[in-house]
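Heads up: the structure comes next, in structure tokens.
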Amino acid sequence: MDQMLLTTSRTSHLPLPSMLLPLTCQSLHQPISSPKLQLTQFPHQPSTCLTTPHDHPTSIQHTQQIHAHMIKTHFDNNHQNVPLTPFLSHLSPAAQYNFLITSYNKNNFPESSLQIYAHLRRIDFQVDNFTIPSVLKACGQCSWVVLGKEIHGFVLKNGLDGDVFVHNSLMQMYSECGSVVSARLVFDLMAERDSVSWSTMIRSYVRNRLLTEALEVVREMHIMHVKPSEVAMLSMVSLFSDLADTRTGKAMHGYVIRNSNYDRLRIPITTALIDMHAKCGNLSSAKRLFNGLPQKNVVSWTAMIAGCIRCNKLEEGTKLFNKMLEGRIFPNEITVFSLIIECGFVRALELGKWLHSYTLRNGFVMTLSLATALVDMYGKCGDTRSARSIFDGWDNKDVMIWSAMISAYAQANCTNEASDLFAQMVDRGVKPNQVTMVSLISLCAEVGALDLGKWIHLYINQQGVDVDLILKTSLVDMYAKCGDIDGSYRLFSEAKDRDICLWNAMITGFSMHGFGKEALELFEEMERLGVEPNDITFIGVFHACSHAGLVAEGKRLFDRMVGSYGLVPKIEHYGCMVDLLGRAGRLEEAHEFIKTMPMQPNTIIWGALLSACRLYKHPDLGEVAAKELLELEPQNCGYNILMSNIYAAANRWNDVAGVRKTMKDKGIKKQPGLSSIEVNGSVHDFVTGDRAHPQTGKIYEMLAEMTMKLKEAGYTPDTSVVLQNIDEEEKETSLNYHSEKLAMAFGLIHTAAGTPIRIVKNLRVCDDCHSATKLLSKIYGRVIVVRDRNRFHHFREGSCSCGDYW
DNA sequence: ATAGGGTTAG
């Protein structure tokens with residue numbers, strides 16, 4: 001039978017009977033465009049009856065045959081023809097159409113369903129409240145929200161909005177299209193709700209990562225005495241497992257115990273709870289449930305072992321794996337798949353390799369999905385070579401494995417490899433999905449590749465790739481991190497639905513660029529709209545206060561974070577406050593603040609104080625901070641150098657020599673400076689004094705020209721920075737050969753006059769490069785955007801957006 | 001004839 005189905009389905013692709021014109025805007029009275037709708041010719045096939053007794057009534061073959069038969073017999077005109085099989089004959093014409101639509105939906109041919117709908121509207125057939133839900137489902141499957149909205153209008157106009165099925169399917173459609181606000185609107189306006197309405201609302205919030213809202217609906221549902229069925233309960237638990245935190249996980253557990261009688265689905269529900277607890281980081285609860293299970297099957301073992309690995313209890317996981325084998329329960333493909341994926345999650349390369357060899361030794365068939373899991377794991381562990389060898393060993397590659405390999409390169413910051421692979425993928429006609437796009441876009445953000453990022457954005461728009469909130473957030477983040485804050489804000493302001501991640505991306509983007517005021521205004525707007533900030537929001541907000549020098553505002557917000565929002569400040573938040581006080585020159589106050597912290601200060605805290613001491617030339621307090629830092633991380637060269645700079649600024653040359661000697665004795669090397677610049681879609685890297693680039697000659701000529709022009713403009717090198725250099729030889733490659741200057745020279749050669757130059761650096765910009773770049777921006781009439789480790793500098797006409805304060 | 005949902009992947 002399978003063979004039969006297989007051969008038939010090869011010969012008949014997407015059906016499009018000739019009577020159905022392309023579904024266009026005109027046919028529905030308003031402009032609608034869907035790049036997804038691919039129209040094909042109706043295949044030349046005889047419209048005979050069901051050919052085999054094995055054909056399921058809703059198989060795609062059968063569906064197409066019925067469809068073709070209806071066309072051939074002019075079903076539309078007389079509505080009398082007995083269809084192909086007796087079981088449809090008792091149905092009304094409307095029901096027969098609906099049968100076709102649902103069959104196409106079930107076979108994952110939503111485009112065909114929509115063709116039929118368009119046809120019905122064209123011939124003025126009365127579309128009833130039974131058909132609308134099926135059509136909306138097809139819209140959801142295509143993520144075609146424009147058509148969905150049109151149908152919503154049709155529903156209201158034709159008085160079909162008294163039907164709970166219609167409402168539920170409208171909610172589901174909006175949710176599938178990522179428009180959770182519209183789904184909520186439908187939900188709120190419903191006169192009558194059933195249990196499906198409630199679970200649909202919960203699902204749409206969870207899918208759009210809105211945990212708080214989802215939990216609120218669960219609570220409301222509880223108050224209204226609506227109980228989910230066991231199946232709904234099971235699906236709810238597994239839905240929440242990817243999103244919940246420890247507290248929420250425990251609350252969900254309690255909810256299940258109070259509201260489920262555990263009749264039929266005890267083991268599945270418990271297994272889902274085990275999975276949820278482990279993913280929430282609550283391994284002990286997971287273990288308690290697991291141990292309490294009267295019967296354990298391979299699924300429960302898998303969930304438990306995967307949970308151990310996720311919580312980084314590798315030995316415990318391995319022990320349980322062996323215990324499972326002792327109990328003669330054997331892992332299946334999903335078991336090894338899950339465990340390999342979790343190894344990637346915690347970067348457990350050794351265990352991952354072992355599982356790889358286990359599958360080979362135990363006769364597991366290497367499937368595409370298993371290979372994908374391995375590529376993913378090796379990629380996450382940073383072993384791009386192993387990932388690539390698995391990848392290359394596979395012939396019929398699909399989107400998933402492509403995405404996994406691209407993401408492996410992306411995580412290793414191998415921009416050119418990733419973009420090459422993406423090009424190959426497009427060449428071979430494999431359609432990338434949102435996962436592919438997100439990993440490419442976040443790679444561009446990481447390395448600052450604006451051109452490539454823009455190109456991919458263009459591709460997304462042209463190909464009609466669905467832009468969900470995750471992808472939108474990564475785009476907003478990419479534009480911001482690549483220095484194009486305007487592009488970032490444009491996307492953000494166009495977004496209709498905004499979740500907390502999107503708000504965070506924009507707030508962080510503004511503060512990273514020194515637009516403290518804008519960041520704070522955005523935060524206020526968010527509050528006005530009732531969006532609840534989380535701990536990440538406050539990091540962005542505090543940075544904004546720091547950059548704008550708003551000490552009082554920052555302190556007030558710190559109190560509100562605890563008082564109004566009940567958030568527990570993490571060490572990062574305390575670090576922000578130290579930075580805020582320090583940058584404002586309130587060094588003693590910052591020091592006092594550190595003493596009142598409820599936790600042990602770490603390097604972030606002391607580092608913030610040390611930077612402030614350097615800025616305000618306060619060697620005594622600087623010594624205190626540096627001493628703490630060097631105790632925590634004696635090998636860190638940055639702290640040593642900062643300290644030596646502070647001594648130099650205070651003319652304490654003996655102390656400078658002391659730090660230098662310590663560094664030499666301990667063999668502490670300066671972290672090499674690394675800058676990159678993107679030209680014509682390729683990323684070029686430079687280290688300090690780099691001579692490896694193929695165009696080295698030209699670059700150094702340009703550098704000489706730059707130095708000359710700088711001198712003419714009256715620039716003198718900042719000698720205090722030279723003191724950073726430890727070795728004598730390093731003096732040779734001093735100021736002039738800092739990596740950002742090399743990148744700048746390359747940019748001046750290869751970009752058109754007047755266009756901005758964008759550089760990404762791994763360290764902080766040094767004082768000397770900062771003042772040189774200011775002048776260079778004026779000399780060459782260029783906007784120069786430098787992203788350093790902490791923030792952006794926009795150099796323009798001789799000055800910098802940071803106000804020389806970074 | 002219509003909407004959602006079935007434990008360990010994506």
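Chain letters run A, B, ... following the sequence lines, proteins first and then strands; every chain starts at 1.
- Candidate nucleotides dA9(B), dG4(B), dG6(B) were compared by shortest atom distance to the side chain of Gln172(A), and dG4(B) ranks first.
- If you look at Phe422(A) and Trp402(A), their ring centroids are not closer than 6.0 Å.
- Candidate nucleotides dA9(B), dG4(B), dT7(B) were compared by shortest atom distance to the side chain of Ser238(A), and dT7(B) ranks first.
- dA3(B) atom C1' lies 12 Å from atom CD1 of Ile132(A), rounded to whole Å.
- Taking the six-membered ring for Trp and the full ring otherwise, the centers of His152(A) and Tyr174(A) sit less than 6.0 Å from each other.
- Comparing atom distances between the Asn297(A) side chain and each of dA9(B), dT7(B), dT8(B) picks out dT7(B) as nearest.
- Residue Ser134(A) places no side-chain atom within donor-acceptor reach of the base of dT2(B), judged by atom type and a 3.5 Å distance cut-off alone.
- The number of heavy atoms from other shown groups lying within 6.0 Å of NZ (Lys397(A)) is above 12.
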Exercise. Taking it one step at a time, do Glu213(A) and Arg184(A) satisfy salt bridge (charged side-chain N to carboxylate O under 4.0 Å, His left out)?
Worked result: CA-CA 10 Å; Glu213(A) 289 82 351; Arg184(A) 179 71 201 215; over 6 Å; no

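- Remark: C1' of dT8(B) and CD1 of Ile269(A) are 15 Å apart, rounded to the nearest angstrom.
- Considering only side-chain atoms of Pro133(A), the nucleotide from dT7(B), dG10(B), dA3(B) that sits closest is dA3(B).
- A donor atom on one side chain and an acceptor atom on the other are not found under 3.5 Å apart for Thr200(A) and Asn168(A).
- Put simply, Lys279(A) has no side-chain N or O that comes within less than 4.0 Å of OP1 or OP2 on dT8(B).
- Nearest to the side chain of Leu265(A), among dT8(B), dG4(B), dG6(B), sits dG6(B).
- Aromatic rings of Trp301(A) and Phe290(A) (six-membered ring for Trp) have centroids within the 6.0 Å cut-off, being under it.
- The separation between Lys106(A) atom NZ and dA3(B) atom C1' is 13 Å, rounded to whole Å.
- Comparing dG6(B) with dG10(B), their P atoms sit 16 Å apart, to the nearest whole Å.
- Minimum atom distance to the side chain of Thr271(A) is reached by dT7(B), of the listed dG4(B), dG5(B), dT7(B).
- For Arg203(A) and dA3(B), the shortest distance from a side-chain N or O to OP1 or OP2 is not below 4.0 Å.
- When the P atom of dA9(B) is taken as reference, atom CG of Leu355(A) falls 15 Å away, rounded to whole Å.
- A donor-acceptor contact under 3.5 Å links the side chain of Ser229(A) to the base of dG5(B).
- In this structure, CE of Met233(A) is placed 14 Å from C1' of dT7(B), rounded to the nearest angstrom.
- Listed nucleotides: dA9(B), dG10(B), dA1(B). Nearest to the side chain of Leu91(A): dA1(B).
- Here the C1' atom of nucleotide dT2(B) and the CD1 atom of Ile116(A) are 15 Å apart, to the nearest Å.
- Ring centers of Phe165(A) and Phe130(A): at least 6.0 Å apart, outside the cut-off.
- Checking dA3(B), dT8(B), dG6(B) against every side-chain atom of Phe165(A), the shortest atom distance belongs to dA3(B).
- Residue Lys296(A) is classed as having no contact, given no heavy-atom separation below 4.0 Å to the nucleic acid.
- dA9(B) has no stacking from Phe337(A) on its base ring, since the centres under 5.5 angstrom apart and planes within 30 degrees of parallel are not both found.
- Residue contacts for Leu234(A): at a heavy-atom cut-off of 4.0 Å it reaches the sugar-phosphate backbone alone, with no base atom in range.
- Using a 4.0 Å heavy-atom distance criterion, Arg207(A) is classed as a sugar-phosphate-only contact.
- Atom-to-atom, CG of Asn129(A) to P of dT2(B) comes out at 13 Å; the value is rounded to the nearest Å.
- When heavy atoms are screened at a 4.0 angstrom cut-off, Asp128(A) is found touching base atoms of the nucleic acid.
- In the interface, the side chain of Thr302(A) is paired with the base of dT8(B) through a donor and an acceptor atom under 3.5 Å apart.
- A straight line from CZ of Phe345(A) to P of dT8(B) spans 16 Å, rounded to a whole angstrom.
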